[in-house]
There are 2 protein chains.
Amino acid sequence: MAVTIRDVARAAGVHVSTVSRTFSAPNLVKVDTRERVLAAAAELGYRPNQAARALTTGVTHNLGLIVADIANPFFPPLIKSAQSYARVRGYQVFVADTDEDPRAEEELISILAKQVDGVVLVSPRLSNAAIAGLSADLPFVVVNRNVKGLPAVLMDIGSGAATAVEHLAGLGHRRLMLLGGPRGSWTSEQMRRSAAAAAERSGVSLEITGPNAPTERGGRLAAAAVLEAGATGVIAYNDLMAIGTIEGLSGSGVEVPREVSVVGVDDTVAGRVARPKLTTIAMPTQEAGRSAVDLLLHAIDMPGGRGAAKTTLETSLVVRESTAPPPPLK
Amino acid sequence: MAVTIRDVARAAGVHVSTVSRTFSAPNLVKVDTRERVLAAAAELGYRPNQAARALTTGVTHNLGLIVADIANPFFPPLIKSAQSYARVRGYQVFVADTDEDPRAEEELISILAKQVDGVVLVSPRLSNAAIAGLSADLPFVVVNRNVKGLPAVLMDIGSGAATAVEHLAGLGHRRLMLLGGPRGSWTSEQMRRSAAAAAERSGVSLEITGPNAPTERGGRLAAAAVLEAGATGVIAYNDLMAIGTIEGLSGSGVEVPREVSVVGVDDTVAGRVARPKLTTIAMPTQEAGRSAVDLLLHAIDMPGGRGAAKTTLETSLVVRESTAPPPPLK
DNA sequence: CTGAAAGCGCTAACAA
DNA sequence: TTGTTAGCGCTTTCAG
């Protein structure tokens, strides 16, 4: 075992509680004593054992961050910003991946529960009821999902989707299609609603499919439906799916954007480097990560606090090369 | 606070040690007692507190995974596979991001030290000496770095780089350039050596630049050097950089692959969807993640064990559209 | 097979 | 300002 508080106490010729104090409440100990302790600690290479500390204080200084799929490029920037912000505030972050499986999500939460002071659920796949249930034990912040009574960071994908519909309608498209995301996705549901309303307002038709896997493969598979429906404007659940759709379309000899326009969501690297460069709805992922941690830390600081702070972040449409006017009608 | 072992003991009418045993050594307790305890535990929703358990046993059932940059698409697949494999083996994984900063790396290791049973260092930026020093306290496994005395997972990028050189030489290129990665990168050093040797064997010239930032931006900046050197074949440290280089080149009116060929490394999504599709050296990231955890668990199981198991994984060249014969000499 | 007791590393009243 | 004394939740001898 490593060096403990007792070794330091002995070396400094003080009692353990004095050592404890010099670390947790330095101002309660006389300056020169403190220095003696610090010197001894430095010499021995002492580092407080967080876990032991947590046992008495109930504070772990760890946060949990649960995502559906680390390999999905939507998440890494969010994780990264959450983590770096948490670190600034003195917290470590446990990142866990559920593989899009609601049961794994539940399992992970309960395993993490004892080791963290709170958890951020990003784009959860669990039902609202389940989340609300779990939240009795532990502070939660939810990203991209609105759960009654819980703090949340919401990205306003609804208005993003509406903007995308208007963009496509403005270009002259009359038959649009929305490729929905996975079951249980709040984002997908928001898109559905707002896109439908926007389509109606703009006087264009909108067909909706789904659930689809939020991957290139899911997009490739969905391409057939696009063709079948005769849609010339497509909004995909995310960039990966949009890229897959474009591939699927071009596999059938249909060119993007000459014949069909495609809009993605997330503004990932993949979309930026794909050809044609993807028109996409940019999600403020970095801010979301930061805000989520911020909200969580608030919730932790004042337990039972005034709960349910909601932060809504704007999205924006980035027009690039995958959208254009439709071909003239024959 | 949540329900503890004591609550369960009371409910089941046994002593706490019996409850403890039914969880940690079930066969030491009579069947019906065990069942009574389990029933009480289930009823109360008891979950052993890992942190408290760790305090006595010294086993946390957590692993640390330290990477330079989660947002770099090279890492997520590795993280994901490490994590899912660890979970199967009953371990949670703390993922931490150092932002390419060696000091942050050191800091993170020491913070994590008390909360994990071992750590995987992926593409560390720390010096070998520093790593070796730290490894006294805690089992380590290093990925993409060979540290004496430590288990490691090595991706054979050397042979990958050599293959890339031969590929380019075979296409007819005579002036190659290698865009090195960040300072302290073992991968970059391996590439340098093998590429130089391969170039010599193939009778082509090879110029080497670096360090460069392993990002699109780094690649864009390096494009100027490529032009200046008059190289027609480029091997970039990773896909992101390769993509940046292609952008930079095309910004100067130079077409890839018609005028210059570019090879990336990592085989990320970004490279797959970029246009032209990137020729790249595929890294076995998923296997690396799994192998690293495997090695680490071995090291943990037999401390002071026969140390230093090295696993070497093959890389392979994926030829796509960013490489072609050079233009005829004028 | 089960209970009693000590202790993991640390903090937190309470005295002194 | 510092030492004493109890624990936090759990495991682990050692008895019984």
Side-chain angles (χ1 to χ4, degrees), chain A residues 1-38 40-41 44-62 90 110-117 137-138, chain B residues 1-38 40-41 44-62 90 110-117 137-138:
Chain A
M1 271 282 136
V3 25
T4 84
I5 202 174
R6 241 182 299 271
D7 302 320
V8 178
R10 201 171 311 128
V14 297
H15 195 266
V16 292
S17 55
T18 304
V19 178
S20 171
R21 275 190 285 259
T22 89
F23 284 96
S24 37
N27 46 322
L28 289 184
V29 51
K30 209 165 57 179
V31 176
D32 48 327
T33 315
R34 189 197 315 167
E35 271 164 8
R36 201 146 34 88
V37 171
L38 255 16
L44 299 176
Y46 168 74
R47 295 221 141 229
N49 179 329
Q50 276 298 143
R53 183 177 276 185
L55 201 54
T56 34
T57 60
V59 176
T60 64
H61 278 271
N62 289 144
S110 70
I111 292 184
L112 246 42
K114 297 295 201 327
Q115 321 204 42
V116 300
D117 299 335
D137 300 338
L138 198 66
Chain B
M1 272 280 136
V3 25
T4 85
I5 204 175
R6 241 183 299 273
D7 303 320
V8 177
R10 202 171 309 127
V14 296
H15 192 127
V16 292
S17 53
T18 303
V19 177
S20 170
R21 275 190 283 261
T22 89
F23 283 96
S24 38
N27 46 321
L28 290 184
V29 51
K30 210 166 55 177
V31 176
D32 48 326
T33 314
R34 189 197 314 166
E35 271 163 10
R36 201 146 33 90
V37 171
L38 256 16
L44 299 175
Y46 169 73
R47 295 220 142 232
N49 179 329
Q50 277 299 143
R53 183 177 276 186
L55 200 54
T56 36
T57 60
V59 176
T60 64
H61 278 272
N62 289 144
S110 69
I111 292 184
L112 246 41
K114 296 296 200 325
Q115 321 202 42
V116 300
D117 300 333
D137 299 338
L138 197 65

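Numbers restart at 1 for each chain; the letters A, B, ... are given by sequence-line order, proteins then strands.
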Whole angstroms only, please: what is the [atom1]-[atom2] distance between [X] and [N]?
X	N	atom1	atom2	result
A:R34	D:dT2	CZ	C1'	14 Å
B:F23	D:dC10	CZ	P	9 Å
A:Q115	D:dG9	CD	C1'	13 Å
B:R53	D:dC10	CZ	P	8 Å
B:I5	D:dC8	CD1	P	13 Å
B:Q50	D:dC8	CD	P	19 Å
A:L28	D:dG3	CG	P	14 Å
A:L55	D:dG9	CG	C1'	5 Å

In the structure I gave you, are the side-chain heavy atoms of [X] and [Y] within less than 4.5 Å of one another anywhere?
X	Y	answer
A:V8	A:I5	no
A:N62	B:Q115	yes
B:R36	B:D32	no

Phosphate OP1/OP2 of [N] contacted by [X] side-chain N/O (<4.0 Å):
X	N	value
A:T56	C:dG9	no
B:S20	D:dT11	yes
A:T18	D:dG3	yes

Considering only side-chain heavy atoms of [X], which listed nucleotide, [options], is closest?
X	options	value
B:T57	C:dC10, D:dC10, D:dT12	D:dT12
A:V14	D:dG3, C:dT2, D:dT2	D:dG3
A:R6	C:dC1, D:dG9, C:dC10	C:dC10

Exercise. Do B:V116 and B:L138 pass the side chain to side chain contact (heavy atoms under 4.5 Å, CB included) test, and can you show the C-alpha distance, the side-chain angles, and the key distance before you say yes or no?
Worked result: CA-CA 9 Å; B:V116 300; B:L138 197 65; 4.2 Å; yes

Exercise. Within the side chain of A:S24, is there an N or O that forms a donor-acceptor pair under 3.5 Å with the backbone of A:S20?
Worked result: yes

Exercise. Can you tell me how far CG of B:N27 sits from CZ of B:R34, rounded to the nearest 0.5 angstrom?
Worked result: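 Atom-to-atom, B:R34:CZ and B:N27:CG are 7.0 Å apart.
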
Problem set entry | Atom pair OG1/NZ of A:T18 and A:K30 - distance to nearest 0.5 Å |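 The NZ atom of A:K30 is 11.0 Å from OG1 of A:T18, to the nearest 0.5 Å.
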
Exercise. On DNA chain C, nearest-nucleotide positions of B:A52 versus B:V29: which is more 5'?
Worked result: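 This one resolves to B:V29.
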
Exercise. Of B:S17 and A:R36, whose nearest nucleotide on DNA chain D comes first from the 5' end?
Worked result: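 Its nucleotide being nearer the 5' end, the pick is A:R36.
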
Exercise. Using the C1' atoms of the five pairs at each end, what is the angle between the end axes of the helix from C:dC1-D:dG16 to C:dA16-D:dT1, to 10°?
Worked result: 40°

Exercise. D:dG3 base to A:R21 side chain: any donor-acceptor pair below 3.5 Å?
Worked result: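 When only heavy-atom distances are counted, A:R21 does reach the base of D:dG3 through a donor-acceptor pair under 3.5 Å.
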
